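See below for the structure under consideration.
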Amino acid sequence: TGATVTGFLASGAIWTNAVCADGKASLAHNAGSCTNPLDVTKPKAALSGPTSTIQTRLGFTVSWTGSDIGGSGVRSYDVQASTGLPTSASTGAWSTLVSGTAQTSRVVTAKAGTSYCYRVRAHDKAGNAGLWSAPRCTTTPVDDAALMRSSGWTKGTGSTWFGGTYSTAKKASAVLTYGSATSSTRQIGIIATTCPSCGSVRIYVGATKVGQISLQSATRTDRVVFLLTRFAAVKTGAIRLVTISGYEVTVDALLTRAV
């Protein structure tokens, strides 16, 4: 057969770790056998995580899967990441998260107020490199300390709050602002406190009101997540949270994404 053998299965039907008669390694053939055709098909890979487009904490899992219909099997994966502002319609240049790994997930510790996009490609045992997958993106919360405050807000601190801070207002028309006139957003939410005597907050993009959130509840609960329905199209303008009355509004973080 012209094969140089370093090992084979007991059946003798499949050569392993061998150089076949065609000069190619056995692993380059379907099922790793010199008796099968060469694998010339590119493997495929896809992202399965992060599973949420908006995170409420700074830790999340990036995960991926792969397949190789050519028959030699997936050997490894490359994963790249791209970051940007949550109010930017695009992220920056791609950089390597992991390269040549056989693992299918990675826990990421992220930065606040950042958009993250990921893509993955697979390599098979025949040496074929697949195409980069479609990206999957997510954003992390913007801490209340990063928001511009009008008068009427007081700042509190504590280890249980996102970023260790929160902002409370007990007057009407107190405003928290994020971004500028050129900022983009596709979805907005807040992490806030609910309570029997809590009020409501209106949400604007530029001069347009896009939603209103009531913070009233039977019992007091901190760090409750509220998300408006995803907009049909990207909206442009600074994001403003405006209190309606003198009832308490306590905001822990802003949630927004443009990608």
Side-chain angles (χ1 to χ4, degrees), residues 52-60 85-88 109-115 138-232 234-258:
S52 176
T53 55
I54 295 181
Q55 303 295 320
T56 59
R57 299 185 183 277
L58 295 182
F60 55 86
L85 292 173
T87 51
S88 175
T109 300
K111 296 180 180 180
T114 305
S115 289
T138 191
T139 62
T140 55
V142 179
D143 188 30
D144 70 288
L147 307 179
M148 185 171 63
R149 298 181 182 88
S150 70
S151 62
W153 293 96
T154 58
K155 179 180 177 181
T157 60
S159 60
T160 61
W161 301 89
F162 182 82
T165 64
Y166 61 92
S167 297
T168 298
K170 294 183 178 180
K171 63 171 289 187
S173 301
V175 183
L176 294 174
T177 304
Y178 181 71
S180 66
T182 60
S183 296
S184 299
T185 185
R186 195 68 184 269
Q187 191 171 22
I188 299 173
I190 58 174
I191 302 176
T193 295
T194 63
C195 66
S197 59
C198 284
S200 298
V201 60
R202 293 191 180 107
I203 300 177
Y204 294 82
V205 177
T208 304
K209 179 185 172 184
V210 296
Q212 181 170 314
I213 295 172
S214 171
L215 302 178
Q216 286 190 330
S217 65
T219 58
R220 187 177 186 89
T221 306
D222 293 328
R223 303 202 77 251
V224 179
V225 177
F226 296 90
L227 275 176
L228 299 182
T229 301
R230 183 173 180 264
F231 306 137
V234 172
K235 296 183 181 296
T236 303
I239 299 170
R240 294 186 298 131
L241 310 179
V242 184
T243 59
I244 297 175
S245 66
Y247 292 104
E248 178 189 344
V249 170
T250 295
V251 175
D252 187 19
L254 170 70
L255 307 172
T256 181
R257 69 181 182 102

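Just so it is clear, the structure is predicted and the values come from calculations on it, not from any experiment. Along the sequence shown, residues carry numbers from 1. Below, each value reflects all heavy atoms present in this structure, side chains not excepted, and no hydrogens, waters or symmetry copies.
Closest approach of Ser115 to Pro86, counting heavy atoms only: OG-CA, 3.1 Å. The two residues Cys198 and Gln216 have their closest heavy-atom pair at O-CG, 2.8 Å. The two residues Arg223 and Thr56 come nearest to each other via the heavy atoms NH2-O, 3.4 Å. Between Ala258 and Ser88, the shortest heavy-atom distance links the atoms CB-O, 3.4 Å. Heavy-atom minimum distance, Ala207 versus Arg240: CA-NH2, 4.3 Å. Leu215 approaches Ala192 most closely through the heavy-atom pair CD2-CB, 3.9 Å.
In this structure, the separation between OG1 on Thr160 and OH on Tyr166 is 9.0 Å, given to the nearest 0.5 Å. Interatomic distance, NZ of Lys235 versus OG of Ser184, reported as 12.0 Å (0.5 Å rounding). Taking OG1 from Thr185 and CG from Leu255, the interatomic distance works out to 10.0 Å, rounded to the nearest 0.5 Å. Atom-to-atom distance recorded for Lys170:NZ and Thr250:OG1 is 7.5 Å, nearest 0.5 angstrom. The CG atom of Leu241 sits 6.5 Å away from the CD1 atom of Ile190 when rounded to the nearest 0.5 Å. For the atom pair CG of Asp222 and CZ of Phe162, the computed distance is 15.5 Å after rounding to the nearest 0.5 Å.
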Subject >> Derivation of the side chain to side chain contact (heavy atoms under 4.5 Å, CB included) call for Thr87 and Thr182 >> reply: CA-CA 9 Å; Thr87 51; Thr182 60; over 6 Å; no

Original post:
Run the side chain to side chain donor-acceptor pair (under 3.5 Å) check on Thr138 and Gln55 step by step: do they pass?
Top reply: CA-CA 7 Å; Thr138 191; Gln55 303 295 320; 2.9 Å; yes

**OP:** For the pair Arg230 and Gln187, evaluate side chain to side chain donor-acceptor pair (under 3.5 Å) and give the outcome as yes or no after the intermediate values.
**Re:** CA-CA 5 Å; Arg230 183 173 180 264; Gln187 191 171 22; 5.6 Å; no

**OP:** Give the intermediate values and the outcome of side chain to side chain contact (heavy atoms under 4.5 Å, CB included) for residues Tyr178 and Ile188.
**Re:** CA-CA 11 Å; Tyr178 181 71; Ile188 299 173; over 6 Å; no

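Under a cut-off of 6.0 angstrom, the local environment of OH in Tyr247 is sparse, with at most 12 non-hydrogen atoms contributed by other residues, nucleotides or ligands.
Between Glu248 and Thr168 there is a side-chain heavy-atom pair separated by less than 4.5 Å. Side-chain contact between Thr53 and Arg186: absent, with no pair of heavy atoms (C-beta onward) separated by less than 4.5 Å. Residues Asp252 and Val224 fail the side-chain proximity criterion, which asks for heavy atoms closer than 4.5 Å. Between Tyr204 and Thr177 the shortest side-chain heavy-atom distance does not fall below 4.5 Å. For the pair Leu176/Thr243, no side-chain contact is recorded, criterion being any heavy-atom separation below 4.5 Å from C-beta on.
Side-chain contact annotation: Ser217 with Thr194, donor-acceptor N/O pair under 3.5 Å present.
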Listed pairs under 3.5 Å, donor-acceptor, residues 143-150 side chains, sequence neighbours left out:
{"from": "Asp143", "atom 1": "OD1", "to": "Thr165", "atom 2": "OG1", "distance (Å)": "3.3"}
{"from": "Asp143", "atom 1": "OD2", "to": "Thr165", "atom 2": "OG1", "distance (Å)": "3.2"}
{"from": "Asp144", "atom 1": "OD1", "to": "Thr165", "atom 2": "OG1", "distance (Å)": "2.7"}
{"from": "Asp144", "atom 1": "OD2", "to": "Arg149", "atom 2": "NH2", "distance (Å)": "3.4"}
{"from": "Asp144", "atom 1": "OD2", "to": "Ser167", "atom 2": "N", "distance (Å)": "3.3"}
{"from": "Asp144", "atom 1": "OD2", "to": "Ser167", "atom 2": "OG", "distance (Å)": "2.7"}
{"from": "Arg149", "atom 1": "NE", "to": "Ser167", "atom 2": "OG", "distance (Å)": "3.1"}
{"from": "Arg149", "atom 1": "NH2", "to": "Ser167", "atom 2": "OG", "distance (Å)": "3.1"}
{"from": "Ser150", "atom 1": "OG", "to": "Val175", "atom 2": "N", "distance (Å)": "2.8"}
{"from": "Ser150", "atom 1": "OG", "to": "Val175", "atom 2": "O", "distance (Å)": "3.4"}

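Formation of a donor-acceptor pair under 3.5 Å by the Thr114 side chain with backbone atoms of Ala112 is found in this model. Under a 3.5 Å cut-off, the side chain of Thr140 and the backbone N or O of Gly113 do form a donor-acceptor pair.
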